[in-house]
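To start, the structure under review is shown below, and the notes come after it.
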Protein chains: 2
Amino acid sequence: MLSVNRPAPSAPNPCIDCRRCALFPICLPKNMDDQALAELDQIIVRHRPMAKGAEWLQHGQPFRSIFAVRSGCMKTYRINSTGQEQVSGFHLPGELIGLDAIDAGSYGTSARVLKECSVCEIPFARFEQLSEHHSVLRRELVKLMSQEIVQQRWHAAILNKQCAEARLAGFLLNLHDRLQRRGYGHESMLLSMSRYDIGNYLGLTVETVSRSFTRLRREGLLQVQGKQVHLMDLERLRALAAEGLPH
Amino acid sequence: MLSVNRPAPSAPNPCIDCRRCALFPICLPKNMDDQALAELDQIIVRHRPMAKGAEWLQHGQPFRSIFAVRSGCMKTYRINSTGQEQVSGFHLPGELIGLDAIDAGSYGTSARVLKECSVCEIPFARFEQLSEHHSVLRRELVKLMSQEIVQQRWHAAILNKQCAEARLAGFLLNLHDRLQRRGYGHESMLLSMSRYDIGNYLGLTVETVSRSFTRLRREGLLQVQGKQVHLMDLERLRALAAEGLPH
DNA sequence: CGTCGCTTTGAGCCATATCAATACGCGTGG
DNA sequence: CCACGCGTATTGATATGGCTCAAAGCGACG
């Protein structure tokens, strides 16, 4: 069922420096001066794209690096004591993985590729050395950690007493916003995660997710065709997500 | 219904420097050298204790400072668009409030005193200046932010498909652990939040919280007398919290 | 063209919400 | 000191949203 780490057969050369990377305006190095950027560029390990299904991180491994998604999509998850998978997040290009491990010393989640994905590895010890001399660097890290806290808080909020439809609406809007901020702004999205993963993330069963999609579609809030979703009425979707109560 | 910011009548003098503070071993300045500590000590604003019910922070206010709880207990919450309060966290001595605002520029939550509470204010701009010269300082901040991410993730996990009893068990264990790490280690705890707040935080109604307490008590997992809770069997509580499924 | 996994749809059930009533606890004022 | 009153907590009876179980549809891929 699980494919192991292996690069995709015909991967584009992933070795572009940060400045020429499409994510430059929103990724960690965005506000850096030439000097800082050049030094950061040198410590970053740019990995070859990985195929869907590949497991990139395993929870419990010792913390060494922070990872930035460069392309594609990852999910982070954890297997709990009953053997159930718990999806804790989806990670889009420009987002970081592993921030939870800085204090703990080991990663709190595993990470798996949902859509062919390449990753920039930032060895943390060297990053800290660099940040001694470049205050921009640490400021950016702190800001991204703050963002992560906000995102996590949002996740908790959506799980807390929202009805199924509101959760789904909120989830889609959240994805939409994050894509928008990354320049992929369009009401049409190609979801890279399965209905199972969505349900797991939202605290719902697949069946309920499916039914919620159907209801939102019937109410004219979105068009759905498998993984292709088109948000028809952002206004009403936002209202629904904000309201959150049953019916 | 709400009392306004006002110091408690007979408050102990809160103006002790960090080194003599009881929280020193676990608070932000814990690993600092004399020099860093002295400078940090100077920028910290130590506020007088505030009475239960006082509102310390209002969500949306511009971000200036991070706050460390020195004594007592605070809750952070947010009023959603339907006028409902959403409790996002409880903050014990040595824990920080406001980390979510660093990137956003304004606080994402309000904060209210649950139990007479004093606060150390750390003006962030000056903190950043200081951290230019003291790497310990920024390392500690990053670690505490990482901890906050872990705590938020835990909150999301507990809301996700755990039955009421498991949520409550997990909540009590989490509090217990945090108190323990702060030297208040004892199986007996005096909860400073109401059943309403617990329910709100756990995504349950008051009634369900109350019933869950009753069931845990009947099964011999804890003793309850109002806000006084005694954890009788940490082992079984942990098992219950880990399992998480209905019945 | 068949297989396998993912998704959708349907029918019945269960955990928790909701509504309602009572009990407790604490501070206030007589 | 006790009586009162209000907010908090417990307990009971009923309603319901989402889960579970079951089956059929759909799509990708060999």
Side-chain angles (χ1 to χ4, degrees), chain A residues 1-3 9 51-53 75 82 84-85 87 114-115 158-169 171 190-218 222-229 240 243-247, chain B residues 1-3 9 51-53 75 82 84-85 87 112 114-115 158-169 190-218 222-229 240 243-247:
Chain A
M1 180 181 168
L2 314 177
S3 44
K52 174 176 173 178
K75 72 172 172 185
T82 60
Q84 302 281 312
E85 180 175 312
V87 176
L114 291 179
K115 183 177 146 192
I158 211 172
L159 291 171
N160 195 327
K161 292 281 203 145
Q162 300 257 89
C163 72
E165 281 176 57
R167 288 185 201 193
L168 183 57
F171 171 71
L190 188 64
L191 304 178
S192 37
M193 64 292 289
S194 70
R195 303 286 198 259
Y196 282 90
D197 286 335
I198 296 175
N200 194 316
Y201 181 70
L202 296 178
L204 303 168
T205 57
V206 210
E207 294 94 325
T208 303
V209 171
S210 181
R211 278 187 254 269
S212 299
F213 265 117
T214 305
R215 263 178 266 160
L216 293 183
R217 184 166 48 69
R218 277 210 258 269
L222 40 85
Q223 287 177 338
V224 193
Q225 212 166 1
K227 296 195 177 292
Q228 188 72 43
V229 174
L240 174 59
E243 187 174 329
L245 304 162
H247 190 179
Chain B
M1 181 183 168
L2 314 177
S3 45
K52 175 176 171 178
K75 71 172 171 186
T82 61
Q84 301 281 312
E85 181 175 312
V87 176
R112 187 181 301 281
L114 291 178
K115 183 177 146 192
I158 211 173
L159 290 170
N160 196 327
K161 294 280 203 140
Q162 300 256 89
C163 74
E165 280 176 57
R167 289 185 201 193
L168 183 57
L190 189 63
L191 304 178
S192 37
M193 64 293 288
S194 70
R195 303 286 198 258
Y196 282 90
D197 285 335
I198 296 175
N200 194 316
Y201 182 70
L202 295 179
L204 303 168
T205 58
V206 210
E207 294 94 327
T208 303
V209 171
S210 182
R211 279 187 252 269
S212 300
F213 265 117
T214 305
R215 262 178 268 159
L216 293 182
R217 183 167 47 70
R218 278 209 258 268
L222 40 84
Q223 287 176 337
V224 192
Q225 213 167 0
K227 297 196 177 293
Q228 188 72 44
V229 174
L240 175 59
E243 186 175 331
L245 304 163
H247 198 160

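Proteins come first, then strands; the chains are lettered A, B, ... in the order of their sequence lines, and each starts at number 1. Note that the structure is predicted; figures quoted are calculated from it, not measured.
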Between A:Lys161 (side chain) and A:Leu245 (backbone), is there a donor-acceptor pair under 3.5 Å? no

Look at all strands and tell whether B:Phe213 reaches a base, only sugar-phosphate, or nothing, counting heavy atoms closer than 4.0 Å. nothing

How would you label the contact of B:Ser210 with the nucleic acid (heavy atoms, under 4.0 Å): base, sugar-phosphate, or nothing? base

Within this structure, what is the CD-to-P distance between A:Gln225 and C:dT7, rounded to whole angstrom? 14 Å

Round to the nearest Å and state the distance from B:Gln162 atom CD to D:dG18 atom P. 19 Å

Quick one: which of C:dT18, D:dC19, D:dA9 gets closest to the side chain of A:Leu204? D:dC19

Quickly work out the B:Ile198 CD1 to D:dT10 P distance and round it to whole Å. 9 Å

Return the 5'-most residue of the pair A:Arg195, B:Thr208 with respect to DNA chain C, ranking by each residue's nearest nucleotide. A:Arg195

With distance as the sole test, does B:Arg112 use its side chain to make a donor-acceptor pair with the main-chain N or O of B:Lys75 at under 3.5 Å? no

How long is the line joining CG of B:Leu202 and P of C:dT16, in whole Å? 12 Å

Do side-chain atoms of B:Arg167 reach the backbone of B:Leu202 as a donor and acceptor pair under 3.5 angstrom? yes

Residue A:Val206, side-chain heavy atoms: nucleotide from D:dC19, C:dT8, D:dT10 that is nearest: C:dT8

Report yes if some heavy atom in the side chain of A:Leu204 is under 4.5 Å from a heavy atom in the side chain of A:Arg195; otherwise report no. no

Working to the nearest 0.5 Å, report the span between CG of A:Leu240 and CG of A:Leu168. 9.0 Å

For D:dT8, does either OP1 or OP2 sit under 4.0 Å from a side-chain N or O belonging to B:Ser194? no

Atom CG of A:Asn200 and atom P of D:dC19: how far apart are they, to the nearest Å? 12 Å

Is B:Gly199 touching bases, backbone alone, or none of the nucleic acid, heavy atoms closer than 4.0 Å? nothing

Per the atom types in the model, does the base of D:dC21 pair as donor or acceptor with the side chain of A:Glu207 at under 3.5 Å? yes

Give the rounded distance in Å between these two atoms: CG of A:Leu245 and P of D:dG18. 11 Å

What integer distance in Å separates B:Leu168:CG from C:dT16:C1'? 14 Å

Between B:Arg211 (CZ) and C:dA15 (P), how many Å, whole number? 13 Å

Any side-chain N or O of B:Lys227 under 4.0 Å from OP1/OP2 of C:dG25? no

